[in-house]
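Please read the structure below before turning to the comments.
Predicted model, so just to flag it, every value in this text is computed and none were measured.
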Amino acid sequence: RKLIHHKDRISVLESEGEKLSSLVEKEKEQIENLEQIIAVIDRLEQKFVDGTLDMELALKAFRKLKDEFKKEFAEFEIQYIASTIVVPLVKNSLMGWVPLAGKNESLPHLTTFTQWKDLLEEEGLYHITK
């Protein structure tokens, strides 16, 4: 009877060990993903400080983050980080804009807004209009 009890206990402990090993692997993967995300954001911030960050580079970086780390992008609300990096860029690009100057002058700005809106608002992640 004790032998059966011990065998059952061993089985339960082995099962728990497998579950914990799986959990540890998932946690390691998430840590690696977050480290990659942080590295990209750090590079963007450094380029911003250096004055070498442009709208296209920022857009590509955040699009890549969203595509490669969809779960983390939503879970950790990376889109809010995008707004802190992008708002100064948009502000600078709009300083010389005359909205009523004509379609050709306005098109690049409208394209920029549309691209960011599509990136940040997709799938209900972030609503710019709220």
Side-chain angles (χ1 to χ4, degrees):
R1 184 175 184 169
K2 279 187 175 183
L3 182 60
I4 292 172
H5 173 71
H6 289 300
K7 284 182 180 180
D8 288 345
R9 183 76 178 134
I10 289 171
S11 177
V12 167
L13 290 174
E14 287 174 345
S15 176
E16 278 298 310
E18 290 172 7
K19 287 179 187 176
L20 290 175
S21 292
S22 175
L23 181 62
V24 166
E25 288 303 313
K26 287 178 185 176
E27 294 293 324
K28 281 182 183 178
E29 183 180 332
Q30 188 170 33
I31 289 169
E32 289 171 7
N33 289 347
L34 289 175
E35 286 174 345
Q36 290 178 41
I37 291 168
I38 290 169
V40 170
I41 292 170
D42 284 346
R43 283 193 300 274
L44 287 173
E45 286 179 357
Q46 187 58 49
K47 287 187 176 291
F48 180 77
V49 169
D50 296 343
T52 59
L53 182 63
D54 63 11
M55 196 73 70
E56 188 65 31
L57 179 62
L59 186 64
K60 284 180 184 177
F62 280 100
R63 187 172 284 136
K64 180 180 178 186
L65 286 176
K66 186 175 180 185
D67 291 344
E68 291 183 14
F69 306 104
K70 195 169 204 68
K71 178 183 161 201
E72 290 84 358
F73 197 92
E75 183 177 347
F76 297 106
E77 299 179 330
I78 305 295
Q79 67 273 16
Y80 292 108
I81 295 171
S83 66
T84 62
I85 292 174
V86 173
V87 167
L89 294 174
V90 171
K91 182 179 176 184
N92 288 340
S93 75
L94 293 178
M95 289 182 84
W97 181 36
V98 181
L100 301 176
K103 187 175 182 178
N104 290 338
E105 165 116 9
S106 298
L107 191 58
H109 298 291
L110 295 174
T111 302
T112 297
F113 287 130
T114 303
Q115 288 173 331
W116 280 106
K117 181 179 180 286
D118 291 346
L119 176 67
L120 300 178
E121 200 172 54
E122 188 177 312
E123 299 170 20
L125 290 176
Y126 183 63
H127 295 285
I128 296 170
T129 57
K130 287 188 179 179

Closest approach of [X] and [Y], non-hydrogen atoms and distance?
X: Asp118; Y: Lys66; value: O-NZ, 4.4 Å
X: Phe62; Y: Ala82; value: CZ-CA, 3.4 Å
X: Leu89; Y: Ala58; value: CD1-CB, 4.1 Å
X: Ala61; Y: Val40; value: CB-CG1, 4.1 Å
X: Phe73; Y: Leu65; value: CD1-C, 4.0 Å

Point-to-point distance, once rounded to the nearest 0.5 Å, from [atom1] of [X] to [atom2] of [Y]:
X: Met55; Y: Gln115; atom1: CE; atom2: CD; value: 9.5 Å
X: Leu119; Y: Thr114; atom1: CG; atom2: OG1; value: 12.5 Å
X: Gln36; Y: Ile41; atom1: CD; atom2: CD1; value: 12.0 Å
X: Leu13; Y: Asp8; atom1: CG; atom2: CG; value: 11.0 Å
X: His6; Y: Ser11; atom1: NE2; atom2: OG; value: 14.5 Å
X: Leu34; Y: Glu29; atom1: CG; atom2: CD; value: 10.5 Å

Side chains of [X] and [Y]: closer than 4.5 Å at any heavy-atom pair?
X: Phe113; Y: Leu94; value: yes
X: Phe69; Y: Ile78; value: no
X: Ser22; Y: Glu18; value: no
X: Gln30; Y: Glu75; value: yes

Can you name the salt bridge (Lys or Arg N to Asp or Glu O under 4.0 Å) partners of Lys28, sequence neighbours left out?
->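 Only Glu25 meet the salt bridge (Lys or Arg N to Asp or Glu O under 4.0 Å) criterion with Lys28.
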
Give a yes or no on whether Leu23 atom CG has more than 12 heavy-atom contacts from other residues, nucleotides or ligands under 6.0 Å away.
->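 More than 12 within 6.0 Å, yes.
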
Any side chain to side chain donor-acceptor pair (under 3.5 Å) involving residues 44-58? Give me the pairs, sequence neighbours left out, ordered by first then second residue.
->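 Applying side chain to side chain donor-acceptor pair (under 3.5 Å) to every pair that reaches into residues 44-58, excluding sequence neighbours, yields Gln46-Asp50.
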
